[in-house]
2 protein chains.
Amino acid sequence: MALSRLGEPGHAGIRDAVRQWGAVEALDRFVRGAATMNGVHPQRFCAEQLAQDRRHGEQLGARVLIPGDTDWPRQLADLEAPPLCLWARGPLDLAAATERSVALVGARSATAYGTQIAADLAVGLSERGFAIVSGGAYGIDAAAHRGALAVGGDTVAVMAGGIDRLYPASHTQLLGTIATHGAVLTEQPPGVAPIGSRFLSRNRIIAALSNGTVVVEASLRSGSLNTAGHAERIARPVGAVPGPITSMQSAGCHEFIRDMRAVLVTDAGEVADLMGTLGLDLAPVKRGEHRQTDDLEPDDRTLFEALPVRGHADVATLSRAVNSTDRAVRAGLGRLELRGLAETDGGHGWRKARDNTRGSTGPGR
Amino acid sequence: MALSRLGEPGHAGIRDAVRQWGAVEALDRFVRGAATMNGVHPQRFCAEQLAQDRRHGEQLGARVLIPGDTDWPRQLADLEAPPLCLWARGPLDLAAATERSVALVGARSATAYGTQIAADLAVGLSERGFAIVSGGAYGIDAAAHRGALAVGGDTVAVMAGGIDRLYPASHTQLLGTIATHGAVLTEQPPGVAPIGSRFLSRNRIIAALSNGTVVVEASLRSGSLNTAGHAERIARPVGAVPGPITSMQSAGCHEFIRDMRAVLVTDAGEVADLMGTLGLDLAPVKRGEHRQTDDLEPDDRTLFEALPVRGHADVATLSRAVNSTDRAVRAGLGRLELRGLAETDGGHGWRKARDNTRGSTGPGR
């Protein structure tokens with residue numbers, strides 16, 4: 001807690017000091033001045049401040065997690081610079097919930113298409129037992145949280161400022177609901193303002209908490225691509241939802257798919273396939289309906305297609321139509337009749353069997 | 001010409017016979033009965049028919065191309081079973097025009113989105129000197145041909161039936177225009193009806209004529225995926241245009257991109273990059289605008305973001321906002337001022353420099 005006051009999140013020097021000496025001794029060395037480095041401000045350490053932070057947190061019902069706590073999410077260790085501690089509100093056991101989780105992120109200025117997709121994915125993934133991790137922002141983030149809440153799924157909102165400085169203000173109610181049913185958390189001490197660069201360091205926590213990250217809508221400059229980049233760096237799968245190429249809000253997703261930095265995903269099943277337990281979450285391959293005519297030899301298929309649906313055609317007419325001989329056509333009609341694809345009027349007339357007219361692929365494409 | 005009467009296109013036996021003995025002797029052997037095989041019908045050979053086909057072709061202004069002719073497209077040799085000959089209408093030198101060409105294919109039941117994209121791509125590719133190859137069908141095909149014609153580009157329509165059986169009938173005018181300015185061609189002899197399986201063998205010619213194939217819109221069962229499959233088999237690049245995941249007409253494209261059987265493309269530049277001459281047609285990497293603040297050190301960037309746009313803030317306020325010290329903030333303000341990102345009111349107040357307010361990334365994302 002105290003160390004997180006001395007510098008911005010992800011400060012490499014503080015990270016190294018903690019790795020080398022442990023948090024308590026590292027703090028002691030910084031405060032004593034035994035260790036000094038740029039961006040580390042020991043003068044910020046203040047016992048009263050620390051006590052006040054604790055009281056403040058308790059008033060907000062926030063608990064503090066540090067590495068080693070039973071519900072500390074161990075996967076955060078994959079980060080180059082893991083958070084030093086987390087202030088968390090909400091009943092969710094973070095370690096358990098995030099074991100099976102997906103980060104749904106995207107543009108704040110999302111389109112109706114994007115927010116609809118984000119909500120649908122959150123619902124589908126919640127129903128598959130995934131916790132939904134996001135940043136509580138406008139647009140895609142909010143739609144993802146709401147989708148999870150709507151079906152009683154677990155959801156985690158990671159903040160860029162102090163646990164007492166929830167952002168955006170207009171999401172106070174949404175974030176309150178998440179704090180009641182899921183978890184709202186941050187690595188920033190109380191009082192710290194949520195400003196630009198802190199959203200970027202916050203993004204690394206969203207990426208590291210979840211099994212993988214899906215970008216639902218993103219312009220070419222969207223910060224959600226920064227979250228996807230963090231997921232990439234720690235070798236977590238990244239998915240991206242395509243959209244109209246005329247929508248700038250999908251341009252970032254398309255660029256990531258083009259660069260093969262993201263897998264194109266179109267539904268919750270495909271996301272589960274990408275992020276979930278291998279085998280358990282395998283997405284079914286999408287197929288058009290199988291038709292009986294698919295199995296026909298080319299000549300028989302041509303013949304079937306030449307058969308009228310209404311009325312009847314005789315062998316001579318058919319052999320002209322398919323550019324073949326009467327003998328070959330008679331043989332073909334026999335095979336089609338056996339498969340129940342052709343039927344005769346009892347005389348010389350032949351037609352497609354009534355219940356198989358949809359077997360035809362129609363003229364072309 | 002005569003051989004193409006004896007069996008359906010792509011007949012392996014006829015192909016082998018021609019490779020072994022040459023077309024003339026192969027025909028002679030089939031007709032003499034010296035060579036016999038399933039699906040080859042020597043009794044269809046008929047000198048009068050042949051003469052009549054020739055007259056018929058001449059009346060339609062159709063010429064017949066055979067392998068070895070100067071304007072025979074040599075790339076057709078990449079096919080497992082190249083066409084035996086081509087009936088062609090139109091002034092276009094096929095060999096020259098298709099040296100730099102793209103096949104634009106897709107659903108007949110295209111959406112307004114798809115047809116708009118197909119036309120835009122055809123225009124952009126024509127302007128880059130690519131000939132547009134397609135099948136003259138409803139939807140994407142027609143939009144692609146029209147796009148090329150609109151800017152005076154070369155376009156080639158490959159038919160599934162005889163040169164006298166242009167399909168669909170309602171495209172008589174469009175196909176007539178293509179036959180006047182570009183080329184309409186088929187491997188089928190005159191009189192042959194355009195029926196289902198012939199569209200599938202026709203598709204291999206569309207794929208082989210062009211440097212690569214782009215699928216603009218395709219349902220999971222679309223025949224345009226069959227064309228893309230042909231391109232794949234002869235190692236030609238395949239592109240696919242994404243669309244809303246809510247549109248079944250884009251589902252085939254998305255599946256091909258997911259399977260990495262197609263590269264996601266969003267504009268003519270990216271298609272040219274994929275299909276064109278390496279280097280010459282390199283597509284520019286899409287980027288958001290570069291901002292001056294991108295180059296700032298994290299601490300300075302945080303400070304810049306904390307600066308007000310309206311009004312002014314003093315050093316004490318700023319150091320609280322960024323959770324730093326007055327000394328560090330004063331140094332940071334100096335650096336920002338040098339870059340023209342911060343300005344002072346001459347007293348103790350600081351703000352973002354007026355002409356650099358858009359340098360801010362705003363709160364997050």
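The sequence lines fix the lettering, A, B, ..., with proteins before strands; numbering per chain opens at 1.
- Glu305(A) and Ile195(B) make their closest contact through OE1-C, 4.2 Å (heavy atoms, listed as atom of the first residue, atom of the second, distance).
- For Arg44(A), there are no salt bridge (Lys or Arg N to Asp or Glu O under 4.0 Å) partners, not counting sequence neighbours.
- For a residue to count as touching a neighbouring chain, one of its non-hydrogen atoms must lie under 4.5 Å from one of that chain's; by this rule Ile117(A) touches chain B with the side chain only.
- Atom CD of Gln43(B) and atom CG of Asp326(A) lie 10.0 Å apart (nearest 0.5 Å).
- When all heavy atoms of Thr302(B) and Arg198(A) are compared, the closest pair comes out as CG2-NH2, 4.2 Å.
- Within the 4.5 angstrom heavy-atom criterion, only backbone atoms of Ala321(A) (N, CA, C, O) approach chain B.
- Within the 4.5 angstrom heavy-atom criterion, only side-chain atoms of His41(A), from C-beta onward, approach chain B.
- Neither the backbone nor the side chain of Gln116(A) comes within contact range of chain B; no heavy atom of the residue lies under 4.5 Å from a heavy atom of that chain.
- Looking at Glu8(B), its side chain never comes within 3.5 Å of a backbone N or O of Asp299(A) through a donor-acceptor pair.
- The greatest number of non-hydrogen atom pairs below 4.5 Å with chain B, out of Ala306(A), Cys253(A), Ser324(A), is found for Ser324(A).
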List, one per line, each side-chain donor-acceptor pair under 3.5 Å for residues 239-249 of chain B, sequence neighbours excluded.
from: Ser247(B); atom 1: OG; to: Gln249(B); atom 2: N; distance (Å): 3.2
from: Gln249(B); atom 1: NE2; to: Ser109(B); atom 2: O; distance (Å): 2.9
from: Gln249(B); atom 1: NE2; to: Ser109(B); atom 2: OG; distance (Å): 2.8

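- Within the 4.5 Å cutoff, the side chain of His254(B) has no heavy atoms near those of the Val265(A) side chain.
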